[in-house]
Amino acid sequence: IIITRKRVKQSLERVMTETEQHRDRVKELEREGRKVNDALAELRQTRMDLGSQNEHFAARRDLLTDEVSRGEAEVETLRTELHRRRSRLTSLLEIQERYEGFQRGTRAVMQGATSITASGAPDAIRGVVADVVRAPEQLEVAVEAALGDRLGGVLVSEPQVGLAAIGYLKSGGGGRSAFVPIETRSAVPQIVPPTPSSPSRGFEGEGGASSWMSPAWDEGARGKIEVEDRTQLVSASLAAPVAGEGILGRMADMVTFADGYEGVGKRLLGRTVVVDQLERALELHAQGVTDRLVTLDGDMIDEDGVVAGGSRDAQGAGVLAQKREMRDLEEIVGKLEHDLSEAMARLVTAKTELKQVVKALEGLRTQVHEGEVAIMGHEKDETRVRGELERHRDRLGQLGNEQLELEHRLRAIELDETTARDRKQHAIDRMAELERDQLDLISAVASFRDRLDELSAALTEARVRAAQLGEKRAAAESSALRLQ
C-alpha cells in the first residue's frame, strides 16, 4: 500500500506539474493568438487600404496615360504647325532680306547699307517705308497704290545719308531709289538752280513715278536746299475733317505706323483720302476736292486729275500683305512657341507624374504581395496556435481526468491504508496475545520438556535395567538350557 501510495503520489505530482506547464503554455498561446489575430486584423485592414489606394492610383494612371497620349498628340500637332509657320516665316524673312518686290536701287542700297554708312551713325539707314506702315487688310491695296514707288523708299535719318546713297547707286550702277528722311521741316522744298554737272530734270524712280526728293541730293551737287517752313499750314491741312457719302476717311487716320515714324506716315499719306469706288473719286475731284483720292481697289486720282488704276502688277504689289503676314506669323509663331512650351511642360509633368504613379503602383503591388505573404504566415501561425491550443486543452482534459483518477485512487489507498492500519493494530494485538500464549506454551513446553527429560532419563534407566534384566534373563535362560 505504501509503495502504491508513493507511486500514485508521484504520478499525481507529475500530472499536476504537467497540468501547470500546459496551463502556462495555454496562456502563452492565448496571448500569442490574440497578437496574431490583432496582426491579422491590421494586415487585412492594410490590404483593404492598399486595395483602395491601388484602385485610386490605377485610375490616376489611366487618366495620366490618356493625358500623355493627348499631350503627345498636341505637342506633335503644335510642333508640326510651328514648323510649318516658322518655315513660312523664314521664307518671308529671306524674301525680305533680299528685298524682293522692290526696285533694284532699293535692294542695292539696303544690301550695301554698311558700306554707305561706314563712317556715319549705325542707324542712318533704317529700312524701307513698307517696314513701318501698318495698314488694315482691306486698305493694303489702297495704301500700296497711294504710296507707289515710295512704298520701297529708303528711310534715312537725314538728307545727307540720302546723298551718300545716291552717290553709291551712281558709282555702282545700282539703279534708282527714293529716300525718305525721318525728320524734315517742310513738305515743300525750294530747289536751288542746278549746276552744269547735275541734270535739271526731276528725280524719277524706275517705275516712272516722280519722287519729291530734291535733285540737289545728287552726289555732284553740293548746293544747299532752301526750305520754307509750312509746318503749321500742313498740320492744319492734315487736321481738316473729311466726311461725305462714300468717303471712308483720311488714309493717315486709318493707317498706323511703327513707333517713332508717325511723322513720316503723316507726310506721306496726310493728303490722301480713301473712297469706296472710282466713280465717287471722280465726282469728288469734279467738285473741287484737291486731295489725292484712292479707292479700296487701288484706283487713284491725284490732285492734278491724273487717274491711275488697273491690275496689281507693279513693283511692291502685295508687300504690305506680306509684311502683315510676317507680323501675324511672328505673333502666331510666338504663341505657338508659348503653347508648345506649355504643352511640353504639361507633357513632361504628366509623364513625370505617370512615372511616379507607376512606381507607386509597383510599390503598392510589392506591399500587397508582402502583405499577402504576411497574412498567409499569420494565418498559418493562427492555425498552428489554434491547433496547439486544442492539443494542450485536450491534454489538460486528459490530465484532469487522470488527476481525478489518481486522487480517487489515493483516497482509496488512504482508506485501504486506514483499514490495513486497523487490521495491523488488531494483528499486533493478536500477535501480542499469541506471543503471551506462546510464552505460556513455551513455559509449558519447557516444563513438559523437563518432565520429558525426567521421563526420558527414567525410561533410559528402565531400559538399562530392562536390558540388564534381559541379559540376566538370557543368561538365566542360557544357564537353564544348559542346565537342561
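This structure is a prediction, so every number in the text was calculated from the model and none was measured.
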Stepwise salt bridge (charged side-chain N to carboxylate O under 4.0 Å, His left out) test for Arg271 and Asp291: CA-CA 5 Å; Arg271 299 188 62 83; Asp291 290 329; 3.4 Å; yes

Set out, in order, the CA-CA distance, both residues' side-chain angles and the distance that settles salt bridge (charged side-chain N to carboxylate O under 4.0 Å, His left out) for Lys323 and Glu140, then state yes or no. CA-CA 10 Å; Lys323 297 288 185 181; Glu140 288 173 351; over 6 Å; no

Stepwise, does the side-chain contact (heavy atoms from CB on, under 4.5 Å) test hold for Val129 with Arg150? CA-CA 7 Å; Val129 173; Arg150 285 177 292 178; 5.5 Å; no

Evaluate Glu382 against Arg386 for salt bridge (charged side-chain N to carboxylate O under 4.0 Å, His left out), listing each step before the verdict. CA-CA 6 Å; Glu382 183 185 25; Arg386 189 183 298 112; 3.1 Å; yes

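With Tyr261 as reference, Ile182 is the one residue of Thr256, Ile182, Leu268 to meet the side chain to side chain contact (heavy atoms under 4.5 Å, CB included) rule. The only member of Glu94, Glu325, Glu330 that meets salt bridge (Lys or Arg N to Asp or Glu O under 4.0 Å) when paired with Arg88 is Glu325.
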Under 3.5 Å, side-chain donor or acceptor atoms of residues 371-380 against the rest of the protein: list the pairs with distances, not counting sequence neighbours.
from   : atom 1 : to     : atom 2 : distance (Å)
Glu372 : OE1    : Arg47  : NH1    : 3.3
Glu372 : OE2    : Arg47  : NH1    : 3.3
His378 : ND1    : Ala374 : O      : 2.8
Glu379 : OE2    : Arg44  : NH2    : 3.2

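In this structure Lys359 satisfies the salt bridge (Lys or Arg N to Asp or Glu O under 4.0 Å) test with no other residue, sequence neighbours excluded. Checked against side chain to side chain donor-acceptor pair (under 3.5 Å), Lys335 has the following partners two or more places apart in sequence or in another chain: Asp339. By the salt bridge (Lys or Arg N to Asp or Glu O under 4.0 Å) test, Arg84 pairs with Glu81, sequence neighbours left out. Residues satisfying the salt bridge (Lys or Arg N to Asp or Glu O under 4.0 Å) criterion with Asp49, sequence neighbours excluded, are absent altogether.
In this model, no donor atom of one side chain and acceptor atom of the other lie less than 3.5 Å apart for Glu402 and Gln398.
The residues Glu28 and Arg25 are annotated as salt-bridged, a charged nitrogen and a carboxylate oxygen being separated by less than 4.0 angstrom.
A distance of 13.5 Å separates CZ of Phe179 from CD of Gln160, quoted to the nearest 0.5 Å. For the atom pair Met254 CE and Leu139 CG, the distance stands at 4.5 Å (nearest 0.5 Å). Distance check, rounded to the nearest 0.5 Å: CG of Asn37 to NZ of Lys35 gives 12.5 Å. Arg250 contributes atom CZ, which lies 11.0 Å from atom CG of Leu269 (distance to the nearest 0.5 angstrom).
Nearest approach of Leu320 to Leu151, heavy atoms of both residues: CD2-CD1, 3.9 Å. Contact between Val319 and Phe102 at its shortest, heavy atoms only, is CG1-CZ, 3.5 Å.
The main-chain N or O of Gly127 is never found under 3.5 Å from a side-chain atom of Asp131 such that the two would form a donor-acceptor pair. Of the possible donor and acceptor atoms, one in the side chain of Thr106 sits under 3.5 Å from a partner among the backbone N and O of Gly152.
Pairs engaging residues 55-70 under the side chain to side chain donor-acceptor pair (under 3.5 Å) rule: Arg60-Glu353 [sequence neighbours left out].
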